[in-house]
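Each remark here refers to the structure printed beneath this line.
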Number of protein chains: 2
Amino acid sequence: MRVRIKDIAERAGVSTGTVDRVIHNRGNVAPRVKEHVEKVMIEMGYKRNIIASTLAYNKVHRIAALIFEQNDPYWHQLYQGIERAQEATQHYGVTIDAFFGDQSDPEIFAQLAREILDSRPDGVLVAPLFLKQGIDFIQQCHKRSIPVAIINTQVPKSKALCYIGQDSYQSGVIAARLLNFGMKRKATVLLLNLDPGPANAQHLVDKERGFRSYFTTIEGKCINVISENFEHFNDRKALNQRFLEILEEHPDLTGVFVTNSRAYKLLDAVEQKYFENLVIVGFDLVSPNIHNLKSNKINFLINQNPSLQGYLGVINLVNHLILRQEVSPIQYLPLDIVVRENCDYYTRSSVSFPSVVF
Amino acid sequence: MRVRIKDIAERAGVSTGTVDRVIHNRGNVAPRVKEHVEKVMIEMGYKRNIIASTLAYNKVHRIAALIFEQNDPYWHQLYQGIERAQEATQHYGVTIDAFFGDQSDPEIFAQLAREILDSRPDGVLVAPLFLKQGIDFIQQCHKRSIPVAIINTQVPKSKALCYIGQDSYQSGVIAARLLNFGMKRKATVLLLNLDPGPANAQHLVDKERGFRSYFTTIEGKCINVISENFEHFNDRKALNQRFLEILEEHPDLTGVFVTNSRAYKLLDAVEQKYFENLVIVGFDLVSPNIHNLKSNKINFLINQNPSLQGYLGVINLVNHLILRQEVSPIQYLPLDIVVRENCDYYTRSSVSFPSVVF
DNA sequence: TTGTCGAATGTGTGCGCACACAAAATGAAA
DNA sequence: TTTCATTTTGTGTGCGCACACATTCGACAA
């Protein structure tokens, strides 16, 4: 049988109230008594019964999540992870409010951040897509002693509780390694940002650094890395035109690395025949990408596991807030290499989320 | 606020005792009353408060785990996962007894199985390495209404609660795909079982089937697949000799697929120079393998994630026993492709096991 | 009508803990 | 010494549920 407060109290010759005060550091305990009780607790190996504790607290913990539009498949997956965590933690009195920003509008992000701060949540989960506004928000939370779990985009030197996501630099390295597999001695590879641009998005910069660095280390090959930012990724005509220009400029192009989940946009915009000799590496198991992976148009996808990011973000907040556990500040998720043959096992959600807390 | 039994009772005009009887199907409730209470429960969206329920049950759930020697790195990792699950679920009154078998002795397995049955556990976790003895054990548990979670080795048509592990067939396919990357038009590949043999181990058979099937589907290549069982994998001299024989026989050998976690045994036994033009694919992130991966001697490892198997096995039993959740009968873990560049992210255990149940 | 027996229903207690409140001890001032 | 404020310690209640036990009801026979 586990040791209870009552057992400690008996052995120490005090009441349960006193033991309670010692455990919670409520003060008003004679120093000598406190010391003694602490000794007995260690001796008997007391561990708080989280079940009973949670029940007695009878408190609601509100977590606010600042993420992005649900109609983007990537963010939708992330939100699903959060919902799963919500289910898993509801018994502990956790409620989650999600706020959905706009990927192309930092101002909306800042506005939502203000709303969240006004609502005084117990914990915050944030994807700080915009570096400046993100840092500011995290700072404000820190000032109010609200723990913050960061996902998706790592913010250096932040005062957050933890970061959960990938090592962007290394994901660039992996992408390079994958492109390198079938590559000739001399070739050109394209790094393509289908994104508003790396100006305010550090992870794109990191990916490029990792990508380029890999090609400088390999021996016996001479790879020319070119990079391109293409902001209006929904304009298929323009994207098609630009890509054909690049192809013409670089007839030895053998690989394309799309730095986010939008590889499918490229494949949608440009005629199939141009890809026949190209290796394509992209990110994320969103359905249009999976479709292209299965029909051999995309060769590799790197899984960022957004749903796990959302799930673990919440779980870590709960671990901190309720279970009062140590939370490790940087939790890099694996860089899953996904090909046609192992794709299905990553998309089944039944496994990745254990239905159990602690 | 969540709906409580008390709320249901009030609204239905009965006592909490009656509601309790309805919830637990204890009988002795007038049919009309039962129906009414059920209706009110649905109306108000009642959900059992697992925290309070667990506390009130005040029951110890004993889980027995039948696994294998701890001094093998693979099984050691699996045991670590079980220990982690033990920590995570101790608050729910779960205790775990581990029984360690011998990989080369089915009789010990059977003996331990008997011991476990005698101890009348509430749930069983088993790695049925030996098909016959495994099926028998699962059968016996079923007869005694003890739920069984199977890990590591899938047992077809078993009456177990669930299987958690890899799809062996598909892992063979992936291995073939990985060997195929750098492969010439015409070549020989070796499938090597460093194991007592596939006689009683279905997963080895499945892996070979998957492996061979891949090479029959690819076009434009002519790959010769040879397979070899080598039981005395600890006899370095013999292993070296046999491997050199194979090399001599097949000068066009370009790839080796070691079907379990013992790829490092081959590299230990044979001189390095013979591997220079060989692609090696193995299983599992055990430290001698990782070492060889980092020094580029092993090219790919497929991660079977034994620790996650152990962890999820326990978690699923808990989900079934305590949380009374539906458990999906087949839970294939991803076939992680591990190379030098993403290896580290798989070996960090901080992430894969969320510290939270439900 | 009363008594009986089984079914139906209600009540009370404890699980281990958090916290409010009551009680006792201490110590300083009168 | 008494008084009173302050610190220290003890007690009781509730969190939501499971379950044992107490009570009431209803049908039927005597």
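All values below were derived from every heavy atom in this structure, side-chain atoms included, with hydrogens, water molecules and symmetry-related copies excluded. All chains are named by letter (A, B, ...) in the order of the sequence lines, taking the proteins before the strands, and each is independently numbered beginning at 1.
A search for side-chain contact (heavy atoms from CB on, under 4.5 Å) contacts involving B/Gln139 returns B/Lys159, not counting sequence neighbours. Every residue two or more places apart in sequence or in another chain that forms a side-chain contact (heavy atoms from CB on, under 4.5 Å) with B/Ala12 is listed here: B/Val14, B/His36, B/Val37, B/Val40. Partners of B/Glu43 under the salt bridge (charged side-chain N to carboxylate O under 4.0 Å, His left out) rule, at least two apart in sequence or in another chain, are B/Arg11. For B/Ala110, the side-chain contact (heavy atoms from CB on, under 4.5 Å) partners two or more places apart in sequence, or in a different chain, are B/Glu107, B/Arg114, B/Gln133. Every residue meeting the side-chain contact (heavy atoms from CB on, under 4.5 Å) condition with A/Glu115, not counting sequence neighbours, appears here in chain and number order: A/Phe99, A/Gln111, A/Leu112.
If you measure from atom CE of A/Met41 to atom C1' of C/dG16, you get 15 Å, rounded to the nearest angstrom. C/dT11 atom P lies 15 Å from atom CD1 of B/Ile5, rounded to whole Å. Between the C1' atom of C/dA18 and the CD1 atom of A/Ile50 lies a distance of 14 Å, rounded to the nearest Å. In this entry the distance linking NZ of B/Lys47 with P of D/dG16 reads 16 Å, nearest Å. Taking atom CD1 of B/Ile51 as the reference point, atom C1' of C/dA18 lies 15 Å away to the nearest angstrom. D/dA18 atom C1' lies 13 Å from atom CG of B/Asn49, rounded to whole Å.
Side-chain N/O atoms of A/Tyr46 include one lying less than 4.0 angstrom from OP1 or OP2 on C/dC17.
Contacts of B/Leu55 with the nucleic acid, taken as non-hydrogen atoms under 4.0 Å apart, include base atoms.
The C1' atoms of five pairs define one axis at each end of the helix from C/dT1-D/dA30 to C/dA30-D/dT1, and these two axes lie 80° apart (to 10°).
Screening residues 44-53 of chain B for side-chain hydrogen bond (donor to acceptor under 3.5 Å, both in side chains) gives B/Arg48-B/Ser53 as the qualifying pairs, with residues at least two apart or on separate chains.
Using cut-offs of 30° and 60° on the angle between ring planes, the pair A/Phe109 and A/Phe68 is parallel.
Non-hydrogen atoms lying under 4.0 Å from DNA chain D are contributed by B/Asp20, B/His24, B/Arg26, all within residues 6-37 of chain B.
Among C/dG16, C/dC17, D/dA18, the nucleotide with an atom closest to any side-chain atom of A/Ser53 is C/dC17.
With ring centers used as reference points, B/Phe100 lies under 6.0 Å from B/Tyr79.
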Could you tabulate the donor-acceptor pairs under 3.5 Å formed by side-chain atoms of residues 118-129 of chain B, not counting sequence neighbours?
residue: B/Ser119; atom: OG; partner: B/Ile116; partner atom: O; Å: 2.8
residue: B/Asp122; atom: OD2; partner: B/Arg62; partner atom: N; Å: 2.7

